[in-house]
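Below is one structure, written out as structure tokens; comments come after it.
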Amino acid sequence: FLMHLNSFAGRSFNDLTQYPIFPWIIADYDSDEIDLDDPNVYRDLSKPMGAIGAERAQQFQDRYEALASCCTDEDPPPFHYGTHYSCAAYVLYYLM
């Protein structure tokens, strides 16, 4: 399903900086075994990865507010996330 969804979104097999995207859906990384029927195993997909956990969400909010307070019209607009969620290194790691 995710491979087709990536294709429909216009992502290419030929460009490792844009393909593929596989969302982080598991929240339980501590258990030896996980029950896929337990909803607590999955992360809250209504929030971006940066908003998972109050401390992490506050860090990104603080960054945004700091950038907003010092931006001029010539500067790029403030942002929460400074990097893309996928890069060639991640893709190559999962392909190996």
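Any value given below was found using the heavy atoms of this structure, including those in side chains, with hydrogens, waters and symmetry copies removed.
Here the closest heavy-atom approach between residue Pro76 and residue Cys71 is recorded as O-SG, 3.7 Å.
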Apply the test ring-ring contact (aromatic ring centres under 6.0 Å, His included) to residues Tyr81 and Phe60: give CA-CA distance (whole Å), side-chain angles for both, the deciding distance (0.1 Å), then the verdict.
CA-CA 7 Å; Tyr81 310 110; Phe60 285 106; 4.8 Å; yes
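For Phe8, the CZ atom sits in a loose shell: 12 or fewer heavy atoms of surrounding residues, nucleotides or ligands are nearer than 6.0 Å.
Using a 4.5 Å heavy-atom cutoff, the side chains of Gln61 and His80 are in contact.
Every residue two or more places apart in sequence or in another chain that forms a side-chain contact (heavy atoms from CB on, under 4.5 Å) with Ser31 is listed here: Asp28, Ile34.
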Table please: side-chain donor-acceptor pairs of residues 38-53 below 3.5 Å, with sequence neighbours left out.
{"residue": "Asp38", "atom": "OD1", "partner": "Asn40", "partner atom": "N", "Å": "3.0"}
{"residue": "Tyr42", "atom": "OH", "partner": "Leu36", "partner atom": "O", "Å": "2.7"}
{"residue": "Arg43", "atom": "NE", "partner": "Trp24", "partner atom": "O", "Å": "2.3"}
{"residue": "Arg43", "atom": "NH1", "partner": "Lys47", "partner atom": "O", "Å": "2.9"}
{"residue": "Asp44", "atom": "OD1", "partner": "Ser46", "partner atom": "N", "Å": "3.0"}
{"residue": "Asp44", "atom": "OD1", "partner": "Ser46", "partner atom": "OG", "Å": "2.6"}
{"residue": "Asp44", "atom": "OD2", "partner": "Ser46", "partner atom": "OG", "Å": "3.2"}

